Amino acid sequence: MTPDEFRIHAHELVDWMADYMSATEYKVVPPTKPGDVRRLLPGRAPESGESFQTIFEDFRKLIVPNMTHWNHPGWFAYFPANNSPPSILAEMLTATLGAQCMSWQTSPAATELEEVVMAWLADACGLPTTFRGVIQDTASTATLVALITARELHSAGQIGLSGKTEKALRIYASDQAHSSIDKAVKIAGFGLANLVRVPTDSDFAMDPIALRSAILADLAAGHTPCAVCATVGTTSSTAIDPIRKIGEICQEFEVWFHVDAAYAGTATILPELRWVIDGVELADSYVFNPHKWMLTNFDCTAYFVKDPSSLLAAFELTPEYLRTTYDAEVPNFRDWGIQLGRRFRALKLWFVLRSYGVEGIQAMLREHLQMASTLREKVRLSRDFELVTVGVFGLVCLRANPEWAQESELNALNQELMAAVNAEGHSYMTHTRLRDVYTIRVSIGQWRTREEHVDVLWESLNRSLQNLSAGRST
Ligand SMILES: Cc1ncc(COP(=O)(O)O)c(C=O)c1O
């Protein structure tokens, strides 16, 4: 494809993209069954090149109708993965530049822009000015980086963990922490048996007294407490672990303190919600995902550390072929994490922060929070539904609990109800279990979601519940 042909096709694509962005005719989740798409595709790559028109036509015919539309305004599942027009445009430029941002020399503007936008982000979110930021691909990677960094403080890199079986390095996280912590514990070689699950209180937040007891018990047993992972905004219910109290315990026992605010971290751009990270200055590392709720295309994870030299101690390696003239003067972000090759992700953050400004992002978040509290109020006033947790962010955890159903039937009833609403195609929700209560999660945070979309969902929940009730009595 020549640059001139590229220009023509790119214009066509942008027209399609703009239409897609305002389209509502798609079902949020397609009726696709496993194998449906594979069956439509040839088993071998074509021997000779095909025209762009043919490829694009197949994209429209085979791919789009079989996609789950995360940026549909009826997206209420998991957490949002919202994008935005400026972010998409920046992604186009990133792809066009095609740069590898592994060291300053391989991408001077990318490295320095990353330093600047991460400092902007820290400032906008009320993080300590001493934190230094680097962009990682996902929160899962950032947590792995944190645990490897903590592990290296016990010089595991030189001797490996195999020499440490008697004095096990122990990791602590609440019983509500995300599975990425389990995964990081496995990958980093601690062994899942050394992940201590700290109990949570009635709000699903880590009990700091139980944490302290667990650390003391481990010390008495000859283990070495290595890191605590606290969560601000747990995945199931957006519970908030008490950061300051946990941080003080980490200081007392000289344990690495990692805070996972993957979803909720974006909310701290609102001064009125900054209390959720009270005590964050005690953290050694902190992660949140602009790719969830901050209008920035996946992937873009903001990872902050108190002391970058600890990251370098864990990850810095400079083979001769990577040496450059300026290594002593500049950050080489390949040494701040796992990947060598890195995408130019700072560009989309820069576009987003400049296009919306802090105020624009705050306005969107406040709108989502308002929709969530309106829905909570409707649930509170309803005779058929109840809130399972209170929640302060955009996630509403609810379940149907009508008079006509026994407690023992509620889990199955809510499962059926959610499936019935999702099948209508206008909205998509997912579930969790909170102390074995089947809980419907309505996660409000997609950038195109408006009050009317939440109304459609609420009306459908009520109507579908009545249908289930009618179905039982016939
Ligand atoms: C609290 C929490 N931590 C970590 C993750 C993992 O995020 P990522 O997909 O960026 O690895 C999630 C995902 O929803 C999450 O909710």
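All values below come from the heavy atoms of this structure, side chains included, with hydrogens, waters and symmetry mates left out. In each ligand, atom 1 is the first atom listed, and ligand 1 is the first ligand listed. Residue numbers run from 1 in the order of the sequence given. Since we're looking at a predicted model, the values are computed, not measured.
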Ignoring angles and geometry beyond distance, decide whether His291 reaches within less than 3.5 Å of ligand 1 through its nitrogen or oxygen atoms. yes
Would you say the side-chain atoms of Thr200 and Arg435 include a donor-acceptor pair closer than 3.5 Å? yes
Parallel, tilted or perpendicular for His431 and Tyr438, by the 30°/60° rule? parallel
Close-contact set for ligand 1 against Phe79 heavy atoms, below 4.0 Å: 14 (O), 16 (O)
Would you say Ser140 and ligand 1 have an N/O pair spaced under 3.5 Å apart? yes
side-chain contact (heavy atoms from CB on, under 4.5 Å) between Ile249 and Phe257: does it pass, once the steps are laid out? CA-CA 9 Å; Ile249 294 169; Phe257 183 27; over 6 Å; no
Scan side-chain atoms only and decide if Thr389 and Ser237 contain a donor-acceptor pair under the 3.5 Å cut-off. no
For the residue pair Phe393 and Tyr263, does the interplanar ring angle fall in the parallel (under 30°), tilted (30 to 60°) or perpendicular (over 60°) class? perpendicular
At what distance is the nearest protein heavy atom to atom 3 (N) of ligand 1, and which residue and atom is it? Asp260 OD2, 2.6 Å
Considering distance alone, does some N or O of Ala139 sit under 3.5 Å from an N or O of ligand 1? yes
What is the closest protein heavy atom to atom 16 (O) of ligand 1, and at what distance does it sit? Thr235 OG1, 2.8 Å
Before accepting this row, confirm whether a basic side-chain N of the pair Arg343/Asp137 lies closer than 4.0 Å to the acidic partner's carboxylate O. no
Mark the output for Asn289 as yes if a heavy-atom distance to ligand 1 is under 4.0 Å, and as no if none is. yes
Distance under 4.0 Å to a non-hydrogen atom of Ser180: what atoms of ligand 1 satisfy this? 4 (C)
Just to confirm my output: which protein heavy-atom neighbour is closest to atom 13 (C) of ligand 1, and how far is it? Lys292 NZ, 3.1 Å
Is the distance between the ring centroids of Tyr428 and Trp75 under 6.0 Å? yes
Residue, atom and distance of the protein heavy atom nearest atom 6 (C) of ligand 1 read His178 CE1, 3.4 Å
